[in-house]
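For reference, the structure discussed in these notes is given below.
Chain letters run A, B, ... following the sequence lines, proteins first and then strands; every chain starts at 1.
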Amino acid sequence: MTESRKKTAARILLFSALLLLSYILQGLILNRHPIFGAKPLILPFIAVGTAVFFGRVKGGIVGIAAGFLMDIAYNQPTIMFTLTLAFIGLIAGYLVETVLVKGLFAYAVSALAALIICFAVEAVSYLIVGGASASAVFDVGLRQTAASALFAIPVYYIVLGISKLV
Amino acid sequence: MKDLISKKGIIVAACAIVIALIAAVTMAVSGGNADFGRVISEPIFKPLRSAMNGLVGTLEDIYGYIYRYDTVVAENAQLKERIAELERDSRDYTEIVEENDRLRSLLGFAMRDFDVLPYELRDVTIISWTASNFSSSFTINRGASSDIEVGDSVITAEGYLVGIVTEVGSTSSTVVSIIDTTMSVGAILSGTDETGIVEGDFNLFKESRLKLDYIDNAANVFIGDSVLTSGRGGNSPAGLIIGTVESIREDSTGHGSYAVVRPSADLSSVANLYVITDIKAG
């Protein structure tokens, strides 16, 4: 096996393990033990981190996998977040390749945008069709974002570590 | 813009769209059965969910034993008292049933069997709750292979309504809980027989409360009234306990009012449940 194929295989293995661990943490542990009264999102950060360090294509691919796992964790058909995180990965990767400098700032901006987009994708139906009050929806969104932000930096350094390792 | 639309980027975006389309089509044609994503992931994720559920449950028990020992001891004493109370009620019930049978026999009436439930039940356990902050649903460990169908009601051992089955896989199913905003069930108030609809409401979601709306005469609704399923407009049989009226509020238009219902089932601690798979005639 050539060196580049070994590296690719190692990356696939490491990202698969990272995605599985994130799914377990987000979907099977923290769903029972909310932080700040909300269940945090971790899987979007994997897609964003991959996009920042490995480019838009790999960001999109990991985004598909992360979104698929997130739809499974949400007990819903594999549509909403499979699409959302795939496009977040593609767009975050494009921004890092063209506008932003690869690094913590680019990751932070992309991660915050990812959290806002994930919130908006879920919240829009409750606001427009569900008749929910804006204050109730934004209260949930704020707590969700605050709880999720705790995991942004650890994921950044894990993905940075993978990028340096392989 | 041209850089954004690279060939590989288009392929990745197309793959995501194809996966979503396949899921949407399978969901639309399956009539409530799991979409293709659930079908292919179920054999891998169901054992993982069950294992993690067991592990987290064990760790919670250990934590409870170490840090909440006094609370557990007090709760144990309360439960023992309750068991003694229920045993007394059970003895009274047995005497009343025997007397009823004697009287029915004297009058030449047919015997009734009070121990026969009016529905078929299937015991299930929760293997995971949703990770969403906007909805309330959970996965149970049985599916189509155990005769579970979309629309089946899920209850506790006490007969409290917990949710409705909305998606069925071969060995697991998704249940939407009663506080979810998509939930809606016909209801009746015990005592006054006032009818209405109990539904999940996002503004009450955080408090884990329900909304009793479409009441004909709000003057007939009182705090403390028990709310039961009416058996109309759905698969839920009549008589399942939903909750208790906690307060009456004016709606946002100011022209009507609705009742806030506290669910009888404690969703934070339910684990072993029953699915009503069939309602017996008569």
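Annotation: side chain of Glu60(B) is in contact with side chain of His33(A) (closest heavy-atom distance under 4.5 Å). The side-chain heavy atoms of Val140(A) and Phe205(B), taken from C-beta on, include no pair separated by under 4.5 Å. Between Met52(B) and Ile29(A) there is a side-chain heavy-atom pair separated by less than 4.5 Å. In this structure, the side chains of Ser132(B) and Glu122(A) come closer than 4.5 Å at one or more pairs of heavy atoms. Put simply, the side chain of Thr130(B) does not reach to within 4.5 Å of the side chain of Asn31(A), judged on heavy atoms. A heavy-atom distance below 4.5 Å is found between the side chains of Val12(B) and Ile64(A). Here the side chains of Asn53(B) and Arg32(A) are in contact, with some heavy-atom distance below 4.5 Å.
For Asp71(A), no part sits under 4.5 Å from any heavy atom of chain B, backbone or side chain. With a 4.5 Å cut-off on non-hydrogen atoms, Tyr74(A) touches chain B through its backbone and its side chain both. For a residue to count as touching a neighbouring chain, one of its non-hydrogen atoms must lie under 4.5 Å from one of that chain's; by this rule Thr182(B) does not touch chain A. Only the side chain of Phe45(B) comes within less than 4.5 Å of a heavy atom in chain A; its backbone stays farther off. Only the side chain of Lys206(B) comes within contact range of chain A, judged by heavy atoms closer than 4.5 Å. With a threshold of 4.5 angstrom between heavy atoms, Ser137(B) approaches chain A through its backbone and through its side chain.
Heavy-atom pairs under 4.5 Å with chain B were tallied for Gly63(A), Ala86(A), Pro77(A), Gly67(A); the largest tally goes to Pro77(A). Between chain B and the residues Leu69(A), Ile72(A), Thr82(A), the most heavy-atom pairs under 4.5 angstrom are made by Ile72(A). Contacts with chain B were tallied for Gly60(A), Gly141(A), Ala73(A); Ala73(A) has the most, counting heavy-atom pairs under 4.5 Å. Most heavy-atom pairs under 4.5 Å with chain A, from the set Thr174(B), Ile11(B), Val56(B): that is Val56(B).
Under the ring pair (Phe, Tyr, Trp, His ring centres under 6.0 Å) criterion, Phe138(B) pairs with Trp129(B), not counting sequence neighbours.
Although no hydrogens or angles enter the test, the distance criterion places no donor-acceptor pair under 3.5 Å between the side chain of Tyr126(A) and the main chain of Phe202(B).
A donor-acceptor contact closer than 3.5 angstrom links the side chains of Asn75(A) and Thr139(B).
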